There are 4 protein chains.
Amino acid sequence: MGFKEIKTAKKKEDIIRSAAKIVSKKGYHGATMEDIAAELLMTKGALYYYFENKDDLVYHCHDLILSSAIKTLEDYLKSNISSTDKFKKAVEVHVEFVIAEKETFNMIIKPQHTFTEKRLAPILDKRQKYANIFDEIIQQGIDNGEFKITEIKMARMMILGALNWIQQWYLPEGKKSKKEIVDIYSDYLLKLLK
Amino acid sequence: MGFKEIKTAKKKEDIIRSAAKIVSKKGYHGATMEDIAAELLMTKGALYYYFENKDDLVYHCHDLILSSAIKTLEDYLKSNISSTDKFKKAVEVHVEFVIAEKETFNMIIKPQHTFTEKRLAPILDKRQKYANIFDEIIQQGIDNGEFKITEIKMARMMILGALNWIQQWYLPEGKKSKKEIVDIYSDYLLKLLK
Amino acid sequence: MGFKEIKTAKKKEDIIRSAAKIVSKKGYHGATMEDIAAELLMTKGALYYYFENKDDLVYHCHDLILSSAIKTLEDYLKSNISSTDKFKKAVEVHVEFVIAEKETFNMIIKPQHTFTEKRLAPILDKRQKYANIFDEIIQQGIDNGEFKITEIKMARMMILGALNWIQQWYLPEGKKSKKEIVDIYSDYLLKLLK
Amino acid sequence: MGFKEIKTAKKKEDIIRSAAKIVSKKGYHGATMEDIAAELLMTKGALYYYFENKDDLVYHCHDLILSSAIKTLEDYLKSNISSTDKFKKAVEVHVEFVIAEKETFNMIIKPQHTFTEKRLAPILDKRQKYANIFDEIIQQGIDNGEFKITEIKMARMMILGALNWIQQWYLPEGKKSKKEIVDIYSDYLLKLLK
DNA sequence: TATGAATGAGCTTTCATTCAT
DNA sequence: GATGAATGAAAGCTCATTCAT
């Protein structure tokens, strides 16, 4: 990758991050290309140099965050700790993303209502990939006797649902700190697996 | 209530149901007044005879379903069964609504991105009222020794999060039947409370 | 005229008066048929039993007031007083109408922007008829030596312009009472004629 | 001001002038954004690049003309001529604007029926500023003995009313030329002040 | 006569997208 | 690479008008 490409890639990521911020705050439809450009002190038109269209841009927002989450999780998966600890870590990571990235790590939004077909498949794929990590952790736990459930996928969906939901009510200035939340969730959700 | 009022009320509910259907399918922004009217073989203009504006109409969609869910749940709450059974029933009811009403019973969407302030408060109120029912069931279970957790609200939020999430993946033609899903969810989520 | 016709005529006048009130307050475009009907505790539809359309209704508003003003003025014209006194009376009457009927006696609005061609001619005719009364008073005053100007029509237009303009600034709670206004206007405008 | 700003400002003025023309012909409600755009061979949407909304655009129409009238008048006010001559000049200028700019210099329309509150205040302010110029001329005339009246504001309102009214009846192809009208009006209205 | 309901044309406004410069 | 300007399609909404009952 030459110098130019690197610069372009960086600019692209800048745009993605800004866009993610705005989309988080206002939602897909509430965030206009104008808003996103304004945040970057650019003009609308310039965005189209880097991204095909709004769909494409917002897709990359999701993709960036999701990829990053997957990478983070996969690193923990490799480490030599108990499945219970892996699960706890996974909860911690997920909560972190859910809170920090809000809308963009919003596994909650119906992508069908937002993305065109072209973008839908890759997003669903990546979501699946992310979910698989949880499945693997659970499977591993079952294999080594730490967990004992039969419906892995259902359990995983409950867990992810519970975690994603945090986004709906979490406030930085709320009663419980992020750490407390993570602990309670880890604790309770583990009961579900054991 | 005179004959006319009844007829009007019925028509209003018709409209609400149709609107709910469209909004479920296409999301708030994707569903146009035109779409909703077309479904009813009416013209856009006619909708405005019954509802102030789109916001008002969609608000009533949510209100109708949510009120209905609350009523259904409250009936079970009064009945003379164990807290565990009440919980199972609650899960069943919730899943039923989540699946049948889809978007309209979508406790998931950020209402901030959809409703104007005027409509936001009542919706949040009613959601809270709904959540309270779950809290009560849990509290009752704790009081009579069936459940033994300390963080009622956190547990309730995990549970509702898990249940709402079903909407994201449920397909009528999926592998698991609705009944199976309800059973597994009840089963697993109860572990969380015990 | 039979009983029915009388009743209908009365109702029509009721509607006209209400319409005039609303149109005065909100202007032609601001006043909706709904508004007018509401004031009368009727429904929109009913208005169409009495008047062809909005244009027709508002036309009759203007016509009613204008006719009434003409009649009032003509009575004074016949009376056996000096032209100066006639003029003073005319000013008084005009101010009264301008203030009380506001928009409806609004000789100011461009009828071209409000009425369709069909209604335009009769309105302009009646306005002309009204203006003629002022011309006659002035002519009479010239004939008997009280006034001494040559451009009767121009003078009349100045005078009516000045008087109509009162509508733009008059406030019931203003510094000057209606009577004071009439006196000052009579006084100053007479200088114009002498 | 850079080149771009100048170009934009020019375009804005172009739009304002076109809008003024249309609004003059059809009135505020009769003139659609489509009409205005068509006159400029633009599309509706483009207008919104330059102006917030219709209200904003029409406000600027009024503002432009009124500002221009104020400027023109103020120049005469400074010159070293008699108050009588100043008054004559003021009448001439006013008539010129009334005739040339029609609706846009329409001090006649009730701005309350047209503008939203936000725009109302500045318009009323500017109208007042314009009126003040007439008051000053009159006051000056009184001070130097050319005029002898006590009710300055009332006189000014009569005069402006009379002048504005010209708009209602003036036709370019009418019997009296613009110059004749100005002369007669100046002549007669001066009698009012002396 | 009067009403409730519906229509439909027309309006303002928004915004993703395009493109000459 | 970036901008200013423009487009055009679509949306929400209003309201005079109609008409069966």
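Numbers restart at 1 for each chain; the letters A, B, ... are given by sequence-line order, proteins then strands. The model shown is predicted, which means the values in this text are computed figures rather than measured ones.
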Taking [atom1] from [X] and [atom2] from [N], how many angstroms apart are they, rounded to a whole number?
| X | N | atom1 | atom2 | answer |
| --- | --- | --- | --- | --- |
| D/I6 | F/dG4 | CD1 | P | 16 Å |
| D/K26 | E/dC11 | NZ | P | 9 Å |
| B/M33 | E/dT7 | CE | P | 14 Å |
| B/D56 | F/dT14 | CG | P | 12 Å |
| C/F51 | F/dA16 | CZ | P | 15 Å |
| D/K4 | F/dA5 | NZ | C1' | 10 Å |
| C/E34 | E/dG4 | CD | C1' | 11 Å |
| D/L57 | E/dC11 | CG | P | 16 Å |

Calculate, to the nearest 0.5 Å, the distance between atoms OH and OG1 belonging to B/Y49 and B/T8 respectively.
6.5 Å
For the atom pair NE2 (A/H60) and CZ (A/R119), what is the distance rounded to the nearest 0.5 Å?
6.0 Å
[X] vs [Y] side-chain heavy atoms within contact, under 4.5 Å:
| X | Y | answer |
| --- | --- | --- |
| A/Y50 | A/M42 | yes |
| C/I36 | C/L40 | yes |
| C/L57 | C/K12 | no |

N/O (side chain, C/T8) to phosphate O (OP1/OP2, E/dT1) under 4.0 Å
yes
Hey, is the side chain of A/Y49 poking within less than 4.0 Å of OP1 or OP2 on F/dA2, counting only N and O atoms?
no
Quick check for you: among [options], whose closest atom lies nearest to any side-chain atom of [X]?
| X | options | result |
| --- | --- | --- |
| B/Y48 | F/dG12, F/dG4, F/dC15 | F/dG12 |
| D/Y50 | F/dA6, E/dA5, F/dG4 | F/dA6 |
| B/T32 | F/dA6, E/dA16, F/dG12 | F/dG12 |
| B/N53 | F/dA16, E/dT17, F/dC13 | F/dC13 |
| B/K54 | F/dA16, F/dG12, E/dT17 | F/dG12 |

Step by step, work out the side-chain contact (heavy atoms from CB on, under 4.5 Å) result for B/L64 and B/R17.
CA-CA 9 Å; B/L64 180 75; B/R17 297 225 173 268; 3.8 Å; yes
Main-chain N/O of D/D63 paired to D/S67 side chain as donor or acceptor, under 3.5 Å
yes
Using atom types as modelled and distance alone, determine if a side-chain donor or acceptor of D/E39 lies under 3.5 Å from a backbone N or O of D/S18.
no
Helix axis bend for the helix from E/dA2-F/dT21 to E/dT21-F/dA2 - C1'-based end axes, five pairs, 10° rounding:
20°
Does the Lys NZ or Arg CZ of D/K54 fall within the cation-pi geometry relative to D/Y48 - under 6.0 Å from the ring centre and within 45° of the axis?
no
On DNA chain E, check which nucleotide each of D/D55 and B/K7 is closest to and give me the residue with the more 5' one.
B/K7
Under 4.0 Å, heavy atom to any atom of DNA chain F: which of residues 39-47 of chain B qualify?
B/K44
Which of parallel (below 30°), tilted (30 to 60°) and perpendicular (above 60°) describes C/H62 and C/F115?
perpendicular
